[in-house]
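The next block holds one structure in the form of structure tokens; read it before the comments.
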Amino acid sequence: MATPYDVVLYGATGFTGRQTAHYFAAHAPAGLRWAVAGRNRAKLDRLLEGLAGDPGCIVADSGDPASVDAMCAQARVLLTTAGPFAKYGDPVVDACVRHKTHYVDITGETPWVRRVIDRHHGQASADGTRIVPLCGFDSIPSDLGTLMVVESLRERGTATKSVSASFKAKGGLNGGTMDSAIALGDSGDAAQLGDTLLLNPPTHQSREERKRSRDRRTVDYDATRGVWLAPFFMAPVNTRVVRRSNALFAQRGEGYGPAFAYTEAMEMRSKAKAWGLTLGMGAFEKAIGSKLGRRVLARVAPDPGEGPSEAVMDGGFFRVRLVGEGEDGQRVLGVMQADGDPGNRVTVKCLCESALALATQLDDLPGGPDRGGVLTPAFALGLPLLDRLRAAGFEARVEPLG
Ligand SMILES: NC(=O)c1ccc[n+]([C@@H]2O[C@H](COP(=O)([O-])OP(=O)(O)OC[C@H]3O[C@@H](n4cnc5c(N)ncnc54)[C@H](OP(=O)(O)O)[C@@H]3O)[C@@H](O)[C@H]2O)c1
């Protein structure tokens, strides 16, 4: 049966949700049928008043699974920003799998993603339904940046031995993001963040794989990039996603390399700053792990529904540099960068372009229209998504390194 909407934007009244609605109003191709959705009719009406185009409107509360089920039945692609996902995400993803509705979100809650994989990967694979969490700043630049480097080395005749990614970023903090981090601590899920292979299938959980998948805990100087490298606070999310991508490709005989290793870091200009960041990150992890710490964080962070000013969001940027080394010793440098606050402008672009790729070019995506499962951005959307992001203003290139 034909569904009334190509894409439904759920959580559209939230801080990032409102931005996704405006992105669709500005960038959805002519003829695309889309709708905004959320739990509060009055808020949705207010959103619609300021929106160009003629989107539909659906009321669905994640506490009322029947309403969520009815919403998902009406969509070919469901995009959701209603988080914390461990709180509001289950009925949405469950209904999408039931109705074979493709799904994208911007969660960074990997323990929740692990549960979604365990519950739905088999059925979604069998049905050809693409369930693609983690389509925001975490983890699209890491995942597509790595894919881009691996493909470049492949074109140069070699499998990839390692990719070392390093980030520079400027932006603000959303109340919803802090709320999700606090929820991870409250639920006890945060304990799983240290599992470096958390998202890998059982076929890729070997001792060797674990040995080459360590989290960075210290600081060192990187002569190739001329910067100090410190632990990156999103690495415990992004590295698990990139490793799952490699494992999913490897299951089809298209793995990145037999001993592929991926690491991630933050670029700092001085050793002192790099150590300052490392200590700050340790303090944040401690705070998330304690009830009192979470109470303090909730008090100082913006409330859910709030986020940075327009000026902060417009003035932000990110850059990731990825040093790739081939099995044969060749080295390349991948660079991906874009203007705008990573947690908002970049996230919204990544998420919306992911949904548009599913809605408008399913046949061009890796594996063709039948690929399904609980997948990563690289395995589900791959280089066609990278092309879309380039057209939307991302810079992404790979060059040889001497
Ligand atoms: N991956 C990334 O890089 C990235 C970047 C930014 C954000 N995020 C994540 O995205 C999520 C949203 O962030 P945000 O800043 O947009 O947060 P937010 O402004 O608090 O938005 C949360 C949304 O969830 C909705 N919601 C709450 N309870 C609901 C329920 N029972 N049923 C249906 N919807 C419900 C809210 O609806 P109301 O409007 O009615 O309150 C709102 O639309 C968070 O989990 C955050 O961590 C990820």
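Nothing fancy with the numbering, it's 1 onward along the sequence. Read the numbers this way: they start at 1 and go in the same order the structure lists the ligands and their atoms.
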Atoms of ligand 1, numbered as shown, that sit under 4.0 Å from any heavy atom of G11: 43 (O)
Starting from atom 31 (N) of ligand 1, find the nearest protein heavy-atom neighbour and note its residue, name and distance. D61 OD1, 3.0 Å
Evaluating non-hydrogen atoms only, which member of G136, P91, G305, G14 is closest to atom 20 (O) of ligand 1? G305
Report yes if T107 has an N/O atom closer than 3.5 Å to an N/O atom of ligand 1; otherwise report no. no
Indicate yes or no: does R240 engage D215 in a salt bridge with an N to O separation below 4.0 Å. yes
Taking atom 47 (O) of ligand 1 as the point of reference, which of G17, P141, S180, P308 owns the nearest heavy atom? S180
Please check whether F15 reaches ligand 1 - meaning an N/O of the residue sits under 3.5 Å from an N/O of the ligand, judged on distance alone. yes
I'd like to check which ligand 1 atoms, numbered from 1 as shown, lie under 4.0 Å from a non-hydrogen atom of K43. 38 (P), 39 (O), 40 (O), 41 (O)
Qualifying residue for salt bridge (Lys or Arg N to Asp or Glu O under 4.0 Å) with D195, from R210, R114, R214, R243: R210
Mind checking whether T81 has an N or O less than 3.5 Å away from an N or O of ligand 1? no
the protein heavy atom lying closest to atom 40 (O) of ligand 1 turns out to be R39 NE, 2.9 Å
Give yes or no for whether the N/O distance cutoff of 3.5 Å, strictly under, is met between T16 and ligand 1. yes
Say whether F137, considering both its backbone and side-chain N or O atoms, lies within less than 3.5 Å of an N or O atom on ligand 1. yes
If you have a sec, work out which protein heavy atom is nearest atom 24 (O) of ligand 1 and how many Å separate them, to one decimal? A82 CA, 3.4 Å
Any nitrogen or oxygen of F85, main chain or side chain, under 3.5 Å from a nitrogen or oxygen of ligand 1? no
Ignoring hydrogens, just give me the one of N174, D303, D64 whose non-hydrogen atom is nearest atom 15 (O) of ligand 1. N174
of all protein heavy atoms, closest to atom 10 (O) of ligand 1 is I106 CD1, 3.2 Å
Distance to 0.1 Å, residue and atom name: give those for the protein heavy atom nearest to atom 22 (C) of ligand 1. G83 O, 3.6 Å
Within-shell test, G343 vs ligand 1, heavy atom, strictly < 4.0 Å: yes
Please say whether G175 places an N or O atom under 3.5 Å from an N or O atom belonging to ligand 1. no
Is there at least one pair of N or O atoms, one from N40 and one from ligand 1, spaced under 3.5 Å apart? no
